Amino acid sequence: MQYWLMKSEADVYSIEQLQADRRTMWDGVRNYQARNNMQAMKKGDLVLYYHSRQDPSAVVGLARVVNEAYPDPTQFDRDHKYFDEKASVESPRWYLVDIEFVRQFQHPVSLHDIKADAALSEMVLVNNSRLSVQPVRESEFMHVLRLAGEPALK
DNA sequence: GCCAACGTTGGC
DNA sequence: GCCAACGTTGGC
């Protein structure tokens with residue numbers, strides 16, 4: 001089992017929307033490092049769901065990987081904003097995973113709280129703030145759950 | 001809404 | 001292969 005953090009702007013695709021949809025294709029990632037991280041994901045991996053560009057930016061809940069990486073269909077669609085003319089069905093550039101809603105936190109863990117916590121000082125979120133799909137250590141994942149006041153997962 | 005930090009592109 | 005120019009992200 002590996003752990004991850006995925007970011008979304010709350011007004012673009014919020015955790016409330018994920019809950020309503022139950023699951024979603026994580027399309028539109030056009031950054032190689034983030035893509036590589038998605039390609040490393042395994043079914044059942046757990047994801048910290050983070051809202052960026054809101055006040056305050058925070059980890060707001062959990063999601064789970066339900067389908068491992070496959071080509072992002074939006075890269076082939078000429079009419080889509082995520083179209084990539086350098087990609088082809090024979091040699092795709094961009095991959096995505098499907099994730100499902102697990103739970104929303106009663107008490108989100110803000111970026112401020114994460115930065116203030118010595119146990120989380122090596123989180124990618126703190127040191128490479130622009131990466132939208134990033135690995136999280138098990139100890140960091142559990143620590144964030146504790147800060148949220150959430151019960152541990154079975 | 002501003003702008004620093006970062007990633008990508010393309011001219012040379 | 002360097003690096004300036006450009007576009008994007010995301011904290012503030």
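As the structure is a computational prediction, the values presented were derived from the model and not from experiment. Letters A, B, ... are given to chains in the order of the sequence lines, protein chains preceding strands, and every chain is numbered from 1. Atoms considered below: every heavy atom in the structure, side chains included; atoms not considered: hydrogens, waters and symmetry mates.
Note that the two end axes of the helix from B:dG1-C:dC12 to B:dC12-C:dG1 enclose an angle of 0°, each drawn from 5 base pairs, rounded to 10 degrees.
Qualifying side chain to side chain contact (heavy atoms under 4.5 Å, CB included) partners for A:P56, counting only residues two or more places apart in sequence or in other chains: A:S110. Applying the side-chain hydrogen bond (donor to acceptor under 3.5 Å, both in side chains) rule to A:E138 yields no partners; only residues at least two apart in sequence or on another chain are considered. By the ring pair (Phe, Tyr, Trp, His ring centres under 6.0 Å) test, A:F105 pairs with no residue at all, sequence neighbours left out. For the side chain to side chain contact (heavy atoms under 4.5 Å, CB included) test, residues two or more places apart in sequence or in another chain that qualify with A:V126 are A:I114, A:K115, A:M123. Scored by the side-chain hydrogen bond (donor to acceptor under 3.5 Å, both in side chains) test, A:E150 finds A:R103 as partners (sequence neighbours excluded).
Applying the side-chain hydrogen bond (donor to acceptor under 3.5 Å, both in side chains) test to residues at least two apart or on different chains, the pairs with a partner in residues 117-126 of chain A are A:D117-A:H143, A:E122-A:R137. Counting only residues at least two apart or in different chains, side-chain hydrogen bond (donor to acceptor under 3.5 Å, both in side chains) contacts with residues 27-38 of chain A comprise A:R30-A:D72, A:R30-A:T74, A:Y32-A:R93. Residue pairs meeting the side-chain hydrogen bond (donor to acceptor under 3.5 Å, both in side chains) criterion with at least one member in residues 44-69 of chain A, sequence neighbours excluded, are A:W4-A:D45, A:R64-A:E100, A:N67-A:D98.
In the hydrophobic clustering (ILVMFWY side chains linked at under 4.5 Å, chained through shared members), A:F76 is joined by A:V89.
Extent of DNA chain C lying under 4.0 Å from chain A heavy atoms, first and last nucleotide in 5' to 3' order, is C:dG7 to C:dC12.
Using a 4.0 Å cut-off on heavy atoms, the residues of residues 106-120 of chain A that approach DNA chain C are A:L111, A:K115, listed by number.
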query: Under the side-chain contact (heavy atoms from CB on, under 4.5 Å) criterion, do A:L111 and A:L125 qualify, and how do the steps go?
result: CA-CA 8 Å; A:L111 180 63; A:L125 188 67; 3.8 Å; yes
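Ranked by how close their nearest DNA chain B nucleotide is to the 5' end, A:R53 and A:K86 are led by A:R53.
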